[in-house]
Amino acid sequence: MTSPPNFPAEGYGDPADYLNAYAELAAAGWRGVDRDAVRRASEVLSLAYQEGRQVFVCGNGGSAAIADHLECDHLKGVHNGTDLSPQVRSLAANVALLTAIANDFAYEEVFAFPLARLSREGDVLLTISSSGNSPNIIKAIECAHEHGVTSIALTGFDGGRARRLAQISLHVEIANYGVVEDIHQGLMHVLAQYIRQSRIDPDLIGTLRFWLGLRPHRSPDHQGFGS
C-alpha cells in the first residue's frame, strides 16, 4: 500500500483558497470510499441491530469523539421511529475505566480488555483510526477475532495494520487528519441514516424533515440525532 500525498503540500495566503483545496480533497476522499464495503458494513450493522447483538466502537482523540457520537446516533437515532433498538457501546467513553486499565496494565489494552469481557460471538466491533496503526486499535481488532466478533475499520492515510486486519475496511485514501475525520464522521451518519430510513414506512420518508423523527412540526431545536 502506498501513502497518498500530504496535504497541504505548500503554503496558502488566502483562507478561501485553502477552503477550496480542502473541499476538493474531501470530495476526492468521498469518491474513493469503497461502496461495496459500505454496503457490507450496513448489512452487518443492520443484522446486529435486528438480532439484538452488541456493537462496540472505539477510537483515540478526535476518533474517540466520533465513537461517542456514533453511540448517540446509532443507539438513539436509528431507534427513532423504527422497530430497532440498537445495542451500541463506545469503549472510549468511560474515563475511569480507561485510566484504570492504562495505569494498571497498558494503554494498548484500554479497548481490548473490556471487549474481551463484554462481547459475545456474533457481536460487532467498529474501530476508528486515521493512521490505522494505533496499538490499542490493533489489539482490539485482534481481540475481536479471538472472540468471534466481526470487525469493521475506518481508516485513512495508507490504512495501516487496521485496514489489513479488519474484515470490512472503510478506507479514506487521504493524508490529512481533518479530512479523514470529516469523512469518518460522515460515514457514521451515512450508516445511521441509511439503516434508519430502511426501517421507516417509505410513504413517510419524504413527508418530514427526516431527522426530526415522525412529527414534522417539532421545533428545529429538537433534532432526531440529539443535536
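The shown structure was predicted, so the numbers you read here are calculated from the model rather than taken from an experiment.
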Exercise for review: Kindly write out the residues that satisfy side-chain hydrogen bond (donor to acceptor under 3.5 Å, both in side chains) with E71, not counting sequence neighbours, or none if the list is empty.
Suggested key: none

Review point. Can you check side chain to side chain contact (heavy atoms under 4.5 Å, CB included) on Q87 and V55, steps first, answer last?
Key: CA-CA 6 Å; Q87 307 297 304; V55 173; over 6 Å; no

Exercise for review: Sequence neighbours left out, what passes salt bridge (charged side-chain N to carboxylate O under 4.0 Å, His left out) with E51? Give chain and number order.
Suggested key: R53

Practice item. Scan side-chain atoms only and decide if S63 and H184 contain a donor-acceptor pair under the 3.5 Å cut-off. Key: no

Review point. Hey, quick one: are I138 and L115 part of the same hydrophobic cluster, counting side-chain heavy atoms closer than 4.5 Å, chains of contacts allowed?
Key: yes

**Study point:** salt bridge (charged side-chain N to carboxylate O under 4.0 Å, His left out) partners of E142, counting only residues at least two apart
**Key:** R161

Practice item. Determine, using the 4.5 Å side-chain heavy-atom cutoff (strictly less than), whether L154 and F56 are members of one ILVMFWY cluster. Key: no

Review point. Tell me, do S3 and F157 make a side-chain contact under 4.5 Å, heavy atoms counted?
Key: no

Exercise for review: State whether the side chain of R89 and the backbone N or O of V57 hold a donor-acceptor pair below 3.5 Å, judged by distance alone.
Suggested key: no

Study note, to complete from the structure: All heavy atoms of A26 vs all of V179, minimum pair found to be CA-CG1, 3.7 Å

Point to revise | Pairs flagged by side-chain hydrogen bond (donor to acceptor under 3.5 Å, both in side chains) wherever residues 104-121 is involved - sequence neighbours left out | key: N60-Y107, E109-K139

Point to revise | Under 3.5 Å donor-acceptor, D123 side chain and V149 backbone | key: no

**Study point:** Taking every non-hydrogen atom, the tightest pair across A64 and A92
**Key:** CB-CB, 3.8 Å

Exercise for review: List the steps, then state whether side chain to side chain contact (heavy atoms under 4.5 Å, CB included) holds for L187 with V38.
Suggested key: CA-CA 8 Å; L187 284 168; V38 173; 4.3 Å; yes

Check your understanding: In Å, rounded to the nearest 0.5 Å, how long is the span from NE2 of H79 to CD1 of I195?
Key -> 15.0 Å

Check your understanding: What closest approach, in Å, do A93 and D68 show between heavy atoms, and which atom pair accounts for it?
Key -> CB-OD1, 3.6 Å

Review point. Heavy-atom distance under 4.5 Å between the side chains of I200 and T82, does that happen here?
Key: yes

Check your understanding: Which pair of non-hydrogen atoms, one from S129 and one from S134, has the smallest distance, and what is that distance?
Key -> OG-OG, 3.6 Å

Under 3.5 Å, which donor-acceptor pairs do the side chains of residues 40-48 form with other protein atoms, sequence neighbours left out?
residue: R40; atom: NE; partner: D36; partner atom: OD2; Å: 3.2
residue: S46; atom: OG; partner: S42; partner atom: O; Å: 2.8

Point to revise | Within one Ile-Leu-Val-Met-Phe-Trp-Tyr cluster: L19 and L25, side-chain cutoff 4.5 Å | key: no

**Study point:** Pairs satisfying side-chain hydrogen bond (donor to acceptor under 3.5 Å, both in side chains), at least one member in residues 7-28, at least two apart
**Key:** Y22-D182

Practice item. Indicate yes or no: at least one non-hydrogen side-chain atom of T155 is less than 4.5 angstrom from one of S130. Key: no

Review point. Could you give the distance from SG (C143) to CG (N136), rounded to the nearest 0.5 Å?
Key: 12.5 Å

Review point. Does the side-chain hydrogen bond (donor to acceptor under 3.5 Å, both in side chains) test come out yes or no for Y49 and H74, once each step is laid out?
Key: CA-CA 9 Å; Y49 297 156; H74 284 241; 2.8 Å; yes

Point to revise | Minimum heavy-atom distance between N133 and G160, given as atom pair plus value | key: OD1-CA, 3.3 Å

Check your understanding: Would a 4.5 Å heavy-atom cut-off, applied to side chains only, mark L125 and I152 as touching?
Key -> no

Check your understanding: Quick one: does L170's side chain get under 4.5 Å of L191's, heavy atoms only?
Key -> yes

Practice item. Determine whether F111 and I137 make a side-chain contact, defined as any pair of heavy atoms from C-beta on separated by less than 4.5 Å. Key: yes

Review point. In the single-linkage hydrophobic clustering (I, L, V, M, F, W, Y; side-chain heavy atoms under 4.5 Å), do I128 and V172 co-cluster?
Key: yes

Exercise for review: To the nearest 0.5 angstrom, please state how far the CG atom of D158 sits from the OG atom of S131.
Suggested key: 8.5 Å

Point to revise | Shortest non-hydrogen contact from G29 toward I174 | key: CA-CG1, 3.7 Å

**Study point:** Cationic N near anionic O, under 4.0 Å, R31 to E173
**Key:** no

Review point. With no hydrogens and no angle check, do the side chains of D34 and H171 hold a donor and an acceptor under 3.5 Å apart?
Key: no

Practice item. Evaluate the side chain to side chain contact (heavy atoms under 4.5 Å, CB included) criterion for residues L75 and L70: first the C-alpha distance (whole Å), next the side-chain angles of each, then the deciding distance (0.1 Å), finally the verdict. Key: CA-CA 8 Å; L75 191 153; L70 188 149; over 6 Å; no

Exercise for review: To the nearest 0.5 angstrom, please state how far the CD1 atom of I66 sits from the SG atom of C58.
Suggested key: 12.5 Å

Point to revise | Straight-line distance of Q185 CD to D73 CG, nearest 0.5 Å | key: 8.0 Å

Point to revise | Any donor-acceptor N/O pair, N176 side chain to F7 backbone, under 3.5 Å | key: yes

Practice item. Quick one: pull up CD1 in I101 and OG1 in T99 and give me the separation to the nearest 0.5 Å. Key: 8.5 Å

